[in-house]
Structure formats: structure tokens, C-alpha cells
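Some notes on the structure that comes next.
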There are 2 protein chains.
Amino acid sequence: MLSKKTKYGLKALTFIARKTDNKPVPIAMIAKNENISQKFLESILLTLRKSGFLGSKKGKGGGYYLLKDPKDIKMSSVMRILEGPIAMVSCVSLNFYEKCDDCPDENACSVYKLMIEIRDSNLKIYNNKSLSDLI
Amino acid sequence: MLSKKTKYGLKALTFIARKTDNKPVPIAMIAKNENISQKFLESILLTLRKSGFLGSKKGKGGGYYLLKDPKDIKMSSVMRILEGPIAMVSCVSLNFYEKCDDCPDENACSVYKLMIEIRDSNLKIYNNKSLSDLI
DNA sequence: ACTAATCCTATCGGAATAGTAGATTATTGT
DNA sequence: ACAATAATCTACTATTCCGATAGGATTAGT
């Protein structure tokens, strides 16, 4: 299941991206329009900023703005930051690989191949979708 | 992330399916061979039985056995029982639909379409894979 | 009777989620 | 200078879920 963190994060990003003028968008505005708890959204936008997707400006007229063109913000990178690994098991994860402790041999594991297939198909979608596609 | 419940469940099912003789397989045997906590596995096999995938026999010489041909056990149905909805958000789930409380209009939701696409691609895989493919 | 096995109910610690509170810092307009 | 605005930071809380465990009850074979 997609965490609310990710869901809200994606919604916030598209909200910002929709604004054609490149003026900073305050948290409160996003929270109100998208029905998100403002305080919760704060922390999400913070991680989004720290990961290089967003810039911020304090004070009056401040807020968050995109650092890149929506076309250049791939879903795969956003998902990895907000949701974590795209793979469903860490032993098939490209960016977060970790060996399963119950599995002596990955190639003999029946779940392994299935999960590889799932990962590949999801990755294909996330890699070919950018923020501009969500607008 | 795939829960251990699902992972263990799938491993157990394939373990049972691999045995060509149709004799009941005791929990302890599966647990030992697949490095799974026996008590935990107990509860998993129980739900698998209650969902109609497995039959059981008590007492000496007892254990679990498949009720259907591995070819007829679709991954989608197993996943739904063990892991829950295949969709990543309930508002795009076919079998577990639930409206999002923050979303006034699904068709206007930017996340919605993306998640539909993910669901479809995963569903396609799970529907076309059966237990026999895991062996 | 004894043993091997499933079945059932209850519980538990830890981690993760989702959200809250309050104080602080930086910027802008007046 | 000052007040308003808005991000930032730290800390805390409530709830839920996960993985696992405990102990007994039940059933079946020898």
C-alpha cells in the first residue's frame, strides 16, 4: 500500500507544478487545497527539498518551488525518496539490495523470479513517467 | 514491501506443490526446510486452508496438501488472500475498493491514473502466473 | 495409552505511520 | 524598527501493523 506520505508528496508536487508562474507556493495553500494536514505536509516537503526536488523561500511571498522542469522529475526517483525501494522484496532491489536471511540461494527461490518480474514492470512505468505526466 | 506472511506463504505453497506424491506435508517439515518460524507458519497455513487453497489432515501422517492443481492456483488470488489488495491505493482497487477521504474527485487526482497503470501491469502478471510457474 | 499432528485463542514487543505542539529563524512590507 | 508571514527544527503522541510466541485443545494413527 502506498503511504500517505508518498500520496501527499505526489499531490503536492503536481500542485506546485500546475502553477505556471514560478512563484513559491506556501505550505498552507497546498494543504488547504489538497485536504492534507499542514504539519504533516511540512515534513514531507522538507524531505522533498532536502532531496533536491524543491527549493524554498522563507517569509512573506515565500514557499516551495520546483528546481527542475517537471519533465525532468522522474517518478522512479520521487518514489524512491518518498516510498523507499520500488521492489517488493529487498533481495530484488536495485538501489536497496539486501540479502534475505531465510533464503540460502536466491536463484532457487520461487518468490524471487516472480518479484523480479513485478519489479521490472513497475520500474518501466516509473522510469517512463515524469511529474509532467501527472499534471 | 511484501510481508513475510506472503513470502512464507508462497514458499510453503511451492514446497507442497513440489512433492509429487499427494501425501500431506507437515508444518514442521516445511518450516525446517524453508527456515520459517513454525508457529508463524502455522497461522499462515491456517488462513490458506480457510481460503480453500489447502486441505489438512490431523494426527499422525497428517499435514497440508493442495486442493487444486498448481496450474489452477492463480497468483492473483493467493496474493489477495495473503497480502491483501493488489492495488497500491484502495481507490483503484477492484476487490477492495474504498474512497479516499482526501480526494473529492478521483478523475481529477494526479496519483489516481498512475496507480491505475501500476495496478493493471501487476494484475496482468499475477493473473497470468500460477503456482505451477513458481515450481 | 501414546504420539504426532493440526487447530485455536491470546498476547507481546517493536517498528512504522500519521499526525500534533511549540518554539525558532529568516524574509518582506510598512 | 516592527509586525506579519512562512519555512525550519525538535520533540512528542496515538494508533496500527508485523512478526513472533505461548499454551492448550483437538484429532488421528499405531
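Basis for what follows: all heavy atoms, side chains included, without hydrogens, waters or symmetry-related copies. Naming convention: chains lettered A, B, ... in sequence-line order (proteins, then strands); numbering from 1 in each chain. Please read all numbers here as calculations on a predicted model, not as lab measurements.
Atom pair Tyr65(B):OH and dT6(C):C1' shows a separation of 12 Å (rounding to whole Å applied). What separates CD of Gln38(B) from P of dT6(C) is a distance of 7 Å, to the nearest Å. Rounded to whole angstrom, the span from the CD1 atom of Ile27(B) across to the P atom of dT6(C) amounts to 4 Å. In this structure, Lys11(B) places its NZ atom 14 Å from P of dG19(D), rounding to the nearest Å. Rounded to whole angstrom, the span from the NZ atom of Lys32(A) across to the C1' atom of dA6(D) amounts to 16 Å. Across the protein-nucleic acid pair, Glu42(B) atom CD and dA10(C) atom P stand 16 Å apart, rounded to whole Å. Atom P of nucleotide dT17(C) and atom CG of Leu82(A) are separated by 12 Å, given to the nearest angstrom. Computed from coordinates, the Leu41(A) CG to dA6(D) P distance equals 14 Å when rounded to whole Å.
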Checklist line | Residue pair Leu13(B), Leu134(B): steps toward the side chain to side chain contact (heavy atoms under 4.5 Å, CB included) verdict | finding: CA-CA 9 Å; Leu13(B) 283 175; Leu134(B) 297 203; over 6 Å; no
Notebook entry, point to check: Which is it for Val78(B) and Leu131(B) under the side chain to side chain contact (heavy atoms under 4.5 Å, CB included) test, yes or no, and what are the steps along the way?
Noted result: CA-CA 9 Å; Val78(B) 180; Leu131(B) 183 54; over 6 Å; no
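When every heavy atom of Gly62(B) is checked against every heavy atom of Pro24(B), the shortest pair comes out as C-CB, 3.5 Å.
No engagement by Leu45(A) is indicated, since no non-hydrogen atom pair under 4.0 Å with the nucleic acid exists.
The residue among Ala28(B) and Lys5(A) whose nearest nucleotide of DNA chain C is located toward the 5' end is Ala28(B). Along DNA chain C, the nucleotide nearest Phe40(A) and the nucleotide nearest Tyr64(B) are compared for position; the residue whose nucleotide lies closer to the 5' end is Tyr64(B).
For Ser37(B), counting side-chain heavy atoms from C-beta on, the closest listed nucleotide (dA20(D), dC8(C), dA18(C)) is dA20(D). Considering only side-chain atoms of Arg49(B), the nucleotide from dC7(C), dG19(C), dT8(D) that sits closest is dC7(C). Taking every side-chain heavy atom of Lys60(B) into account, dA4(C) is the closest of dT27(C), dA4(C), dT8(D).
Here Lys50(A) reaches the OP1 or OP2 of dC9(D): one of its side-chain N or O atoms lies under 4.0 Å away. For dA20(D), the OP1/OP2 oxygens have no side-chain nitrogen or oxygen of Ser43(B) closer than 4.0 Å.
Contact of Lys39(A) with dG22(C) (side chain to base): a donor-acceptor pair of N or O atoms is detected under 3.5 Å.
Using a 4.0 Å cut-off between charged side-chain N and carboxylate O, Lys11(B) and Asp102(A) make a salt bridge.
Using a 3.5 Å distance cut-off with no hydrogens or angles, the side chains of Glu98(B) and Ser93(B) do not pair a donor with an acceptor.
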